[in-house]
Amino acid sequence: MSDIADRYDPAATEARWYPVWEERGYFAADPKAAKKPFSIVMPPPNVTGSLHLGHALDNTLQDILIRTKRMDGFNALWVPGTDHASIAVHVLLDRQLATEGTTRHALGRDAFLERAWQWKEQSGGTITRQLRLLGSSCDWGRERFTMDAGLSRAVREAFVRLWDEGLIYRDDYIVNWCPRCQTVLADLEVEREERDAEFVYIKYGPLTLGTVRPETKLGDTGLAVHPRDKRYTPYVGQTLTIPSVHGEIQIRVVADEAVDPDFGTGVIKVTPGHDPTDFEIGKRHGLPVRTVIGFDGKMTDLAGPYAGMDRFECRKRIVEDMQAQGLVDRIEPYRHAVGVCYRCKTVVEPLVSKQWWVRTKPLADVAIKAVREGRIKIIPRAWSKTYYHWMENIRDWCISRQLWWGHRIPAWYCETDGSVHVSRTDLTACPTCGGPVKQDPDVLDTWFSSGLWPCSTLGWPDQTDDLKTFYPTSVLVTGYDILFFWVARMAMLGLKFMDDVPFRDVYIHTLVRDAEGQKMSKSKGNVVDPLGVMERFGTDAFRFTLATLSVPGVRDVRISDDRIESYRNFANKLWNAARFALSNLDGYDARRAAKVAPSLADRWIESRFDAAVRAVRDSLRRYRFNDAAAALYEFTWRELCDWYVEMAKLPLYKPASPDERLRAQHTLVTVLEGTLRLLHPFMPFITEELWQRLPKTKAPESIMIAAYPKARRKAQDASAERDMGTVVDLVTAIRAIRGEMRISPAATLGVTVRPAPEHAALLGDQQRMVEALARATLTVDPAATRPPGSALAVAGGTEAYVDLAGVVDVAAERARLEKEIRKAAETIAFLEGKLGRPEFVEKAPAEVVERERERLGTERRLRDKLTASLSWIADGRG
RNA sequence: GGGCGGAUAGCUCAGUCGGGAGAGCGCAGCCCUUACAAGGCUGAGGUCGCAGGUUCGAUCCCUGCUCCGCCUACCA
């Protein structure tokens, strides 16, 4: 025992094993292996990122799956990697450059990119190092980055094919523009924030209307009312001449369904240049676009006297000016949601510009069908509804970004004839006229490349062995927050280019919150750092905690130190169970031991282990990580440690024969060994450490590549479980008396047992075991009578009289019995009521009725025994 | 506006064939019993958000309501 510490030390163990696994190549998959493939691509974290709880959860679940499958004999591949996070890198470098007093535009494109790469080389590896600390068994030899040469080729191939099929186009449209990032954003990249605003009612000649953006008044090219709004029918079609802050303007009134007649005055101003709805209205009615706010967020020359003014400053000024001219009817406070940039939280400005778009409808139709037909299974199923809803209402996807870090759009413009050419290879001259060309300056949305991730990481567009073997991937594990951003787009692009789904299952997991249920954010300062947690409690405990929190369908979970601590204790429990086994192995001989007949305890724990195997496998198959973890916890602690280890002490410490001891050693070692394998995907480090120390025959050199336990029908032993149940009941009943009578655990109790006929043989056989577990001296006698000064324990039909002579407390025993009788009486009343209703007896299934009858009988017998005991005391025999 | 999730022990949460509800932590009592005090044994604690309905029987299924959270949307 001297060579194994009495507490588990996670740090040393974790540092020892990961490098061993990686160096021995256990993580690497071989596409040529003659095993059934099982593959996962890791949702690529941002290259700018460091490990947060979301990553930790996501990767723990994937690691559990991949380790299980690997142990189970599958050709298991887990592809890791990172994405280039275009906007995030820009935000980060912009900030850096600002501290140096410069900007990216001053630096120039090439120098900026050089700097970005430099940054990526230096800091981009942070998260992958942290994933190793978590124990992630991914195939690092296949690590990919979205801007790798191969993946960049995939992006270009995808772009060209979509262009050739007319699924990519370039058009003027109103887009979400971030004036700070100086780029367009996709609809999904705009977040909503509730803000207080002023709802300004402006007089437009005979009409009055409310707006929260008075500054866009300068860009108005129309007014609109609802077609069936009788109040305004006379004005529809008219062009009004009305006074405004910059003189009189001509403005046309149109009728459009988009107007809500019940909101405000029922009239809206139409500003096609600065509002998506107005843009659509303008299109329908031929109203011109008038851009009064520029890409820099400042008023343009068209804003006349306000030109050059910041848009928010202009809002204030224009209201003041209008008030001075009597054009403001009234101002009301108003709370509404404004769109902000998801990266920098700047208020987005809708602006008209020419961008590249993906025509999503045809792609989405196929992706919807794949889920409807079950070729992609979303788990939990409820999420497929959300998926359908979004996919069915999908809008075209703006994929160009006015940024530099990313995949540059493979389109060239001829400076001579103005033609556009999309090409797989870089162009130096116009293919039609030979004139000079210029490449489009913009890059593609990062999600465009991550949308190709499942195929591009496996080698697409080449038909590689990896692609043939591992595509479609088996399961995608991710949080619901990127269901649209990523999952939906992978489904569309994967089906488009591979003509097959990118993954068969999608497991959507929870998001992790802090102990107060708050979303974690740096500004709130409530970010739980997984590395800190791992350091304090151990990585295995952390992983196990995450697994227990993973209930399919639950949206958010909270993580707290208390919870992690309890699983650290679990790891320690396991450690000490192994320590117990290891310190009792002198003289152990596996081959001889295997020939000895198992005891009741041996048969019982083997049967229970088998049940645990079935529960864990079944739960994992259904992605019920919490259930799998609970089954492991319950088996290991409640059954193996609390009962089997305690029972094994008898044959180990005081064997009736050498064989008995040998057999206990054998069961202890083999069940523990199996438990470690069953636990390994959840707690890889501690299980490896302990497994290495256990004696084994014909085992591989690491638990990682050992077989995952299989359920064995012949291990199931109903009679052992029933008999153990009786022993446990009796022991527990005796202990309860000890506990409630406040008798020291150190004292040995004298107990007379009068077994029920069906328990006689068993209790004769297990007498020493009951004595050991209950710390008692037993007299088993079917004809026993109750000794004076004793308390009664009941286990089924068996009675046990606990000798309390000397320590007897009549009042306490009476109180205890009265409480028990009360409980029994309540149950009896309930069951009698239930069984007394003819409807129940007639309509309920026969086995339910039978079960309730049996319960009633049992409870009645118990009550009778307790009542007899009480009167026995009252007679003064206590 | 539409959609989704949640409401169960003091706290955090499980409970997927509808048959008197469980865990962890916390709490109380007795214990350093030779694996483990990061532990052992015992115990207290719940009208399963509210109101109806279906059913012999509802935490579970249906309807409505209240409160919390999230997603989504062209009410400016």
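Labels below follow one simple rule: chain letters A, B, ... track the order of the sequence lines, proteins then strands, and each chain is numbered from 1. Since this is a predicted model, take the numbers as computed values, not measurements.
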Using the side-chain heavy atoms of [X], tell me which of these nucleotides is nearest: [options].
X: A:Arg563; options: B:C56, B:U12, B:A76; value: B:U12
X: A:Ala844; options: B:A76, B:C56, B:A14; value: B:C56
X: A:Tyr633; options: B:G24, B:C56, B:G19; value: B:G24

By nearest heavy atom, map A:Pro552 and A:Arg855 onto RNA chain B; which one lands nearer the 5' end?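 First, find each residue's nearest nucleotide; the 5'-ward one identifies A:Pro552.
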Pick out the pairs of N or O atoms, protein on one side and nucleotides 38-42 of chain B on the other, that lie under 3.5 Å.
unit_1, atom_1, unit_2, atom_2, d
B:A38, OP1, A:Arg7, NH2, 2.6
B:A38, O4', A:Arg568, NH2, 3.4
B:A38, O4', A:Asn569, OD1, 3.1
B:A38, O2', A:Asn572, ND2, 3.1
B:A38, N7, A:Arg7, NE, 3.1
B:A38, N7, A:Arg7, NH1, 2.5
B:A38, N7, A:Arg7, NH2, 3.3
B:A38, N6, A:Arg7, NH1, 3.4
B:A38, N3, A:Arg568, NE, 3.2
B:G39, OP1, A:Asn569, ND2, 2.8
B:G39, O3', A:Lys573, NZ, 3.1
B:G40, OP1, A:Lys573, NZ, 3.2
B:G40, OP1, A:Trp637, NE1, 2.6

Only counting residues at least two apart or in another chain, list the ones meeting ring-ring contact (aromatic ring centres under 6.0 Å, His included) with [X].
X: A:Tyr204; answer: none
X: A:His389; answer: none
X: A:Trp390; answer: A:Phe484
X: A:Tyr633; answer: A:Tyr567, A:Phe570, A:Trp637

With pairs defined as Watson-Crick or G-U wobble and both distances under 3.5 angstrom, please note down RNA chain B as a dot-bracket string, | for pairing with another strand. (((((((..((((.....[..)))).(((((.......))))).....(((((..]....))))))))))))....
List for me each residue that meets salt bridge (Lys or Arg N to Asp or Glu O under 4.0 Å) alongside A:Glu859, sequence neighbours excluded, and say none if there are none.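 By the salt bridge (Lys or Arg N to Asp or Glu O under 4.0 Å) rule, A:Glu859 matches no residue at all.
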List in chain and number order the residues that pass salt bridge (Lys or Arg N to Asp or Glu O under 4.0 Å) with A:Arg395, two or more places apart in sequence or in another chain; answer none if no residue qualifies.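 Salt bridge (Lys or Arg N to Asp or Glu O under 4.0 Å) check on A:Arg395 returns A:Asp187.
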For A:Glu820, which residues count as a side chain to side chain donor-acceptor pair (under 3.5 Å) partner, sequence neighbours excluded?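 Partners of A:Glu820 by the side chain to side chain donor-acceptor pair (under 3.5 Å) criterion come out as none, since no residue qualifies.
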Protein-nucleic acid N or O pairs under 3.5 Å, nucleotides 72-74 of chain B:
unit_1, atom_1, unit_2, atom_2, d
B:C74, OP1, A:Arg395, NH2, 2.7
B:C74, O4', A:Thr277, OG1, 3.1
B:C74, O2', A:Thr277, OG1, 2.6

Counting distance only, does the side-chain N/O of A:Asn576 pair as donor-acceptor with the main-chain N or O of A:Arg579 below 3.5 Å?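 Flag not set: sc A:Asn576 to bb A:Arg579 has no pair under 3.5 Å.
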Heavy atom of residues 377-387 of chain A under 4.0 Å from RNA chain B: which residues?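 RNA chain B contact set from residues 377-387 of chain A: A:Lys385.
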I need the full list of salt bridge (charged side-chain N to carboxylate O under 4.0 Å, His left out) pairs touching residues 635-644 of chain A, with sequence neighbours left out, sorted by first then second residue.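 Sorted pair list: A:Arg608-A:Glu639, A:Arg638-A:Asp642.
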